[in-house]
Amino acid sequence: MIPPPQRTKIFLQVAPSTKEEDLRELIEYWYGPVKRVSIRKGRNGRFLAFVVFQRHDDAAMALAGLDGYRFDPMVLRPKWARGSSKPQKK
């Protein structure tokens, strides 16, 4: 499935010990600048990282390139995040 060109946000499951700055460094080194990296604990107890890229092309390359990559002892399986990567207006 080819995502719409405006999608710039991906998510992936990470280890509880993963640091946002370490993940940002890895991704920016290989795939380009990101706007934001955040790691949150999901409802199921798993830790998820959300990465918002500046450009769709960089996000698409990271999605393909990180699939199966071993990082901080997890094997990464990135996916497109649902919803908008734009900040919500209040």
Side-chain angles (χ1 to χ4, degrees):
M1 176 177 164
I2 298 174
Q6 71 275 14
R7 292 185 84 175
T8 57
K9 186 190 226 179
I10 65 171
F11 76 94
L12 48 143
Q13 185 177 340
V14 294
S17 60
T18 301
K19 304 282 187 252
E20 289 177 3
E21 55 273 9
D22 294 339
L23 187 58
R24 176 186 286 272
E25 185 177 309
L26 168 77
I27 291 172
E28 286 188 329
Y29 180 81
W30 290 106
Y31 304 106
V34 299
K35 289 182 180 178
R36 185 172 56 248
V37 175
S38 63
I39 297 175
R40 301 179 203 150
K41 187 174 183 179
R43 287 183 218 142
N44 59 5
R46 295 178 180 165
F47 285 80
L48 299 174
F50 293 87
V51 181
V52 180
F53 288 83
Q54 293 182 13
R55 298 178 339 134
H56 165 75
D57 292 345
D58 295 338
M61 285 193 318
L63 195 74
L66 290 173
D67 191 36
Y69 184 83
R70 185 173 292 279
F71 180 75
D72 192 27
M74 302 288 294
V75 174
L76 302 179
R77 299 285 181 215
K79 297 186 182 346
W80 289 110
R82 292 187 197 138
S84 173
S85 60
K86 296 176 186 172
Q88 299 293 324
K89 292 183 180 180
K90 292 184 180 183

In the hydrophobic cluster built from side-chain contacts under 4.5 Å, what are the other members alongside Leu48?
Phe11, Phe50
Could you report the tightest heavy-atom contact between Trp80 and Lys9, atom names first, then the distance?
CE3-O, 3.6 Å
List the atom of Ala49, the atom of Val14, and the distance in Å for their closest heavy-atom pair.
CB-CG1, 3.9 Å
How far apart are the C-alpha atoms of Thr18 and Ile39, what are their side-chain angles, what is the distance that settles it, and do they pass the side-chain contact (heavy atoms from CB on, under 4.5 Å) test?
CA-CA 8 Å; Thr18 301; Ile39 297 175; 3.8 Å; yes
Begin with the C-alpha distance, continue with both residues' side-chain angles, and end with the deciding distance and a verdict on side-chain contact (heavy atoms from CB on, under 4.5 Å) for Val37 and Ile27.
CA-CA 10 Å; Val37 175; Ile27 291 172; 5.6 Å; no
Mind jotting down which residue pairs meet the salt bridge (charged side-chain N to carboxylate O under 4.0 Å, His left out) criterion with at least one end in residues 38-48? Sequence neighbours excluded, please.
none
Donor-acceptor under 3.5 Å (Arg55 side chain, Gly32 main chain):
no
Applying side-chain contact (heavy atoms from CB on, under 4.5 Å), run through Leu12 and Phe71 and close with a yes or a no.
CA-CA 11 Å; Leu12 48 143; Phe71 180 75; over 6 Å; no
Going by side-chain contact (heavy atoms from CB on, under 4.5 Å), name the residues that satisfy it together with Arg70, two or more places apart in sequence or in a different chain.
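With sequence neighbours excluded, Arg70 shows a side-chain contact (heavy atoms from CB on, under 4.5 Å) to Val75, given in chain and number order.
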Residues two or more places apart in sequence or in another chain: which of them pass side-chain contact (heavy atoms from CB on, under 4.5 Å) with Pro33?
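For Pro33, the residues satisfying side-chain contact (heavy atoms from CB on, under 4.5 Å) (neighbours in sequence not counted) are Glu28, Gln54, Asp58.
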Contacts of Asp22 that satisfy side-chain hydrogen bond (donor to acceptor under 3.5 Å, both in side chains) - sequence neighbours left out
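Here no residue qualifies.
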Hey, are the side chains of Tyr31 and Leu26 touching, using non-hydrogen atoms and a 4.5 Å cut-off?
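No - every pair of side-chain heavy atoms lies 4.5 Å or more apart.
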